[in-house]
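Reckoned from all heavy atoms, side chains included, excluding hydrogens, waters and symmetry mates. Counting starts at 1 for both ligands and their atoms, following the listed order.
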Amino acid sequence: MDEIHEFCGVCAANTPGKNAAFDLYQMMKDLQHRGQAGAGLSTWNPDRNIMLRTYKRPGTVNEVFGGADENRFSDILKEYGGSVGIGHTRYGTSGSLTTRHVQPFERVHGLDYKWFAFGFNGHIANRKELEKKIRSLGYHLMLDTDTEVMMHFFSHHISDTKGDLKEVFRRISQDFDGAYNIAMVDARGNLVVARDPWGIRPLTSIVTDEGAFVASETCALHRHGTDGIRPIKPGELAILKDGKIEYHQYAKPKKRSLCFFEFIYFASVTSTLDGVSVYDTRKRCGEELAKIETQDVNDKDWVVIPVPQTARPIANSYAKAIGYPQIYDEGLIAVGKGRTFIDEGDRAAKVKRKFMPIPSVLKGKKVIVIDDSIVRSTTMATIVKYHLKEIGGAKEVHVRVATPPIIAPCYYGIDMRSFEELIASKYQDMIHNGKLSEEAQTEIAGRINADSLIYMTHDGIINALGLKREDICMACLDRKYPTPTGQELDKANFGKFRETGTTDPLEKC
Ligand code: SF4
């Protein structure tokens, strides 16, 4: 799949009598796939003179917490230990990668209720408007990141409400438009984790004998058990106190809009999002793709391979559903880091380095290669031409994609930021009843060097998720953005794209 990234993972723990920093470290490791650019934690410890402390650095969780140096690891967790805390893994496209930009953000204050730290996962779509508003209240912005804007809004409301966090989040819900899961701890030891009223990103919780835990995904809670896992609902906040959780509806839920892309690509295959298994969803994607296959596949001439890692269960179940489980094979191996950070530069060269084909699987075969999605197309074009045909010796390559054509940007935290970077954006008028026309699919197949191309349909992806269309965000597929700012940005950007073929660098959020 093309290199796209999501913004971050959050976690929180309240473990009376224990050092929560150990649990936070493990949860951050389990959320590493949601962000590899930075990691950090904030803990509260009333026995410490500095009650609230934050440790954060750029890098992977392992690098940030001492790498192979076990003594350094123990020292960090001891020095920053406390029974209450939050953790964060970061991927960011706004702001540079200095320690300052890594979360949690901490605001130190002499009054304990005004002293807090927080981390968030998502993206605030109306950031520009919020910047103007917070500046008009006299706040100064130093960093190019929405986290700083959010911090000042929290400061403002906390000051106004004397630290009533339920009321603070109620007010925040009137300010913020977009996707936001926020974990916050203050110097009084109050710990709150909230999910935005649309529920765009997943957030989940569990209480065990060891304490109370919240994380972006269930994969980070499984070490504490699977029974009793409870998703946090849209517009709900969890107060973690004395090893228990109280849930409060701080804002009226809006149109439920869980991002479908979480299931297909971002979330861990071991996670369950709002009660739906990611693994089962990916398997159903394979079955849906098999239903719309047009080639006469057999077990002599054909082989089915995934683009690793995400597409594995999709390709495996596709081969079973097509009637030839034996033709599923591994023809492409990922040799680089899993989800490497893409800086500027030649994407195709990076893709060439990232994979290696297995010629003994591919040579002389008609290859069905299955990927989770095609965003910009550089990755797939390089895989087909270079890995599968040139090195692998495939006779034909037929691309099948588990995500319908991505035609529009995301304003909620996935870095697909403009129409023009998306290969399918100019074909949006050729989608009818959720299916891209054969003519358009043939044209895109040519652009990625493939002999044929079939995209998943809108109905297929809805069937695979097993959720109602109205409960899912699919705005990058159909431009039905769930929030008012998303709709406004779409109107402005789409109009401009139609007129000029480009959009402003950010309107790009
Ligand atoms: S626009 Fe697409 S990627 Fe963004 S939240 Fe909605 S479904 Fe997810």
Side-chain angles (χ1 to χ4, degrees), residues 1-9 33-35 91 93-94 120-127 146 176-181 195-203 216-217 234 254-267 271 273-274 276 278 281 285 310 339 372-376 401-419 421-425 428 431 434 455-458 460-462 464-465 467-494 497 503 506-509:
M1 99 87 82
D2 289 307
E3 295 285 353
I4 56 172
H5 300 268
E6 147 126 64
F7 293 176
C8 317
H33 57 284
R34 298 185 77 87
Y91 168 77
T93 54
S94 64
F120 98 107
N121 166 218
H123 185 84
I124 303 301
N126 63 336
R127 171 182 163 186
D146 48 5
F176 294 180
D177 178 307
Y180 53 90
N181 287 339
R195 189 175 183 190
D196 71 65
W198 294 270
I200 296 172
R201 303 273 151 242
L203 190 65
S216 292
E217 287 180 41
K254 303 270 174 54
K255 188 193 108 44
R256 197 181 178 90
S257 303
L258 182 59
C259 168
F260 87 92
F261 227 162
E262 290 278 351
F263 291 91
I264 307 305
Y265 178 64
F266 292 114
S271 284
L273 313 180
D274 285 359
V276 179
V278 172
T281 300
C285 281
T310 326
R339 294 173 182 190
D372 46 70
S373 55
I374 294 181
V375 180
R376 302 173 184 95
V401 194
T403 297
I406 296 172
I407 56 155
C410 174
Y411 302 116
Y412 307 124
I414 308 302
D415 72 344
M416 305 182 299
R417 306 208 230 161
S418 62
F419 284 97
E421 75 193 69
L422 306 169
I423 189 170
S425 61
Q428 45 193 290
I431 296 174
Y455 277 106
M456 179 75 89
T457 63
H458 289 191
I461 202 75
I462 293 164
L465 262 65
L467 295 170
K468 290 191 207 129
R469 167 66 191 92
E470 54 269 30
D471 290 342
I472 315 164
C473 180
M474 291 174 34
C476 50
L477 310 181
D478 60 12
R479 297 186 31 242
K480 291 181 182 156
Y481 292 89
T483 75
T485 305
Q487 290 152 19
E488 281 163 29
L489 287 169
D490 177 62
K491 211 168 155 195
N493 284 336
F494 184 61
F497 174 63
T503 40
L506 192 13
E507 305 296 322
K508 296 177 170 179
C509 67

message = Just to be sure I'm reading this right: ignoring hydrogens, which of Cys473, Gly178, Gly413 gets closest to atom 6 (Fe) of ligand 1? Compare them by their nearest heavy atoms.
response =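 Minimum heavy-atom distance to atom 6 (Fe) of ligand 1 goes to Cys473.
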
Just by distance, no angles: are the side chains of [X] and [Y] close enough, under 3.5 Å, to form a donor-acceptor pair?
X: Tyr180; Y: Asp146; answer: no
X: Tyr265; Y: Thr403; answer: no
X: Thr485; Y: Asp177; answer: yes

At a 4.0 Å threshold, what atoms of ligand 1 neighbour a non-hydrogen atom of [X]?
X: Cys476; answer: 1 (S), 2 (Fe), 3 (S), 7 (S)
X: Phe261; answer: 3 (S)
X: Phe260; answer: 7 (S)

ask   = Backbone N or O of Leu258 within a donor-acceptor pair of the Asp471 side chain at under 3.5 Å?
value =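 Pair absent, no side-chain N/O of Asp471 close to backbone of Leu258.
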
ask   = With no hydrogens and no angle check, is any side-chain donor or acceptor of Ser216 less than 3.5 Å from a backbone partner on Gly9?
value =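 Checked: no pair found.
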
ask   = Judged by non-hydrogen atoms, does Arg201 sit under 4.0 Å from ligand 1?
value = yes

task = Check the surroundings of atom NZ in Lys491: do more than 12 heavy atoms from other residues, nucleotides or ligands lie under 6.0 Å from it?
result = no

inquiry  = Using a 4.0 Å heavy-atom cut-off, which part of His123 comes near ligand 1: side chain, backbone, both, or neither?
reply    = neither

remark   = Closest to atom 3 (S) of ligand 1 among protein heavy atoms sits Ile414 CG1, 3.5 Å

inquiry  = Between Asp196 and Tyr412, does the side-chain hydrogen bond (donor to acceptor under 3.5 Å, both in side chains) criterion hold? Intermediate values first, please.
reply    = CA-CA 11 Å; Asp196 71 65; Tyr412 307 124; over 6 Å; no

inquiry  = Would you say atom 6 (Fe) of ligand 1 has Cys410 as a near neighbour, meaning an N/O/S atom of that residue under 2.8 Å away?
reply    =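 So Cys410 does not count as coordinating atom 6 (Fe) of ligand 1.
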
query = Is there an N/O/S atom in Cys259 at a distance below 2.8 Å from atom 8 (Fe) of ligand 1?
reply = yes

